[in-house]
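No experiment lies behind these values; they were computed from the predicted model shown. Letters go in sequence order (proteins before strands), and every chain restarts at 1. Note that these values count all heavy atoms, side chains included, but never hydrogens, waters or copies made by symmetry.
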Amino acid sequence: MRRKAGLVLLAFAVFFTAMSPLTRWYAFPRLAKVPANQYQEAVLEADDPTLIDYGTMKAKKIDKVTIVQTLKGNVEASEKIEKADGDSSRDVVVWDALSYVQDADGKMVSKIPERYIFDAHSQEPVHAPGESVDGDPVKRQGIEFKWPFLTEKRDYEYFDAQARVTKPIHYKGERTFRGVKVYYFEQTIPWTKVPFPKTMPVKGITPKSLAGTGTTRWYTTVRKFWVEPTTGAPVYGEEIQRNELRGGTLLGERDKVTVFAGHVKMREDYIESTVDLVKSQRVLVLLLTSYLPWGFLALGMLLLALSLWLEARTRRANGSRPATSNDDDPEPEPEPKPARA
Amino acid sequence: MRALIAAAIGLAVALALTLTITAIGAPAGETSPEPLLTTVPEHP
């Protein structure tokens, strides 16, 4: 009986010990993924920014500009891409995103839709029909919105949707943000000529009519992200952005006019909800990368030690009595009662 | 020999369980009915 128990313990010991690396290096890369049906919104604000008045074509200071950013996972589109790809094991996420900007009076300033397609596990971009920014087809390189799981302390390539270019986003060190250990990243996009948004805030003004005047739009930004490294999710973001119109007949005698200049920061209530969401997701990722693998390993070792101890006890018991035909049942046989005289 | 069989059973079950869980994966779910926002949500 004791020997059978030892063998059962050994089987469990091997089971848990094997589960440790299998969970970390086989299950985790396959199970950890961005869900295809994610829906997330974020509100960012710029206090006292400079904004162009398209009526007078002059820049003026206003109280506030608000950016509402929505990300919506399109499950049907992702399944269609997975089928077309022919690789059934590939998980693709399609995010339909909208950056809607409005001024302090609630009037629309700009509206930029995007379709971002990427691998659910690695966050590598996937190139498929529909990948676009503001209706223009693009072929992204690098990441956007989210870093990969288990973010490393290194620079990443980050896609800038306004300029449609990919530039490095530099790792600048560890920080603690609202009690969460984060990696701080910063990217600078130098002055770059960018297309006019397809949707303009004033009726009658279109990208085509603006381009016809010879006026061009230029943009620069410093992008800052505080990224929780286990999940790769930014818990906070800021952007110091400038947009200008340059040259052409539209500006008259002037060389350039500021379209927008401001320091955009995430609104406080969205910081709190993002931090809470990331904290909860972090536990799930840690479960697969740390808690379960180490727990399984410890349990496996404990059970192995227990099974070896049981085996040693069995052998000692067997050694102290004559060998029987049945080694599986090493329980000592009852000693014969002394015969009565 | 019995110890080897017990260890093989433990290993096989671990492999089978891991392969099954990863093969099943998580369901994709459905696209959210929520719209892409063109209004600023109020402070909660």
Check for a donor-acceptor pair, side chain of A:K72 on one end and backbone N or O of B:S32 on the other, with a separation under 3.5 Å.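 Side chain of A:K72 to backbone of B:S32: a pair is present.
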Verify, without hydrogens or angle tests, whether B:T31 (side chain) and A:N74 (backbone) share a donor-acceptor contact under 3.5 angstrom.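 No; judged by distance alone, with no hydrogens or angles, the pair does not exist.
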Which pair of heavy atoms, one from [X] and one from [Y], lies closest together, and at what distance?
X: A:Y26; Y: B:T22; result: CE2-OG1, 3.4 Å
X: A:N37; Y: B:G29; result: ND2-CA, 3.8 Å
X: A:A36; Y: B:A28; result: CB-O, 4.2 Å
X: A:D269; Y: B:E42; result: OD2-O, 4.2 Å
X: B:P41; Y: A:V68; result: CD-CG1, 4.1 Å
X: B:T38; Y: A:Q102; result: O-OE1, 4.3 Å

With a 4.5 angstrom heavy-atom cut-off, could you sort out which part of [X] is near chain B: side chain, backbone, both or neither?
X: A:L31; result: side chain
X: A:E79; result: side chain
X: A:Y270; result: side chain

Could you tell me if the side chain of A:V43 sits less than 4.5 Å from the side chain of B:V40, heavy atoms only?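 Side-chain contact under 4.5 Å: yes.
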Can you find a pair of side-chain heavy atoms, one from B:L17 and one from A:F15, that are under 4.5 Å apart?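 Side-chain contact under 4.5 Å: yes.
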Given heavy-atom pairs under 4.5 angstrom as the criterion, report whether the side chain, backbone, both or neither of B:E30 touches chain A.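 Contact with chain A involves the backbone of B:E30 alone.
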Report the distance from atom [atom1] of [X] to atom [atom2] of [Y], rounding to the nearest 0.5 Å.
X: B:L36; Y: A:K111; atom1: CG; atom2: NZ; result: 10.0 Å
X: B:T18; Y: A:R30; atom1: OG1; atom2: CZ; result: 10.5 Å
X: B:E34; Y: A:Q40; atom1: CD; atom2: CD; result: 13.0 Å

Can you tell which of A:V93, A:L98, A:T23, A:L71 has the highest number of heavy-atom pairs within less than 4.5 Å of chain B?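 The option with the most such pairs is A:L98.
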Which of the residues A:V8, A:L22, A:T17, A:V101 is involved in the greatest number of heavy-atom pairs with chain B at under 4.5 angstrom?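 Most heavy-atom pairs within the cutoff with chain B belong to A:L22.
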Tell me whether A:K80 at atom NZ has more than 12 heavy atoms from other residues, nucleotides or ligands lying less than 6.0 Å away.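 No, NZ of A:K80 has 12 or fewer neighbouring heavy atoms, counting only those of other groups under 6.0 Å.
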Would you say A:F149 has more than 12 foreign heavy atoms packed within less than 6.0 Å of its CZ?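 Enclosed: over 12 neighbouring heavy atoms sit under 6.0 Å from CZ of A:F149.
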Heavy-atom pairs under 4.5 Å with chain A: which of B:P35, B:A26, B:G25, B:A12 has the most?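 Looking at each option in turn, the highest pair count goes to B:P35.
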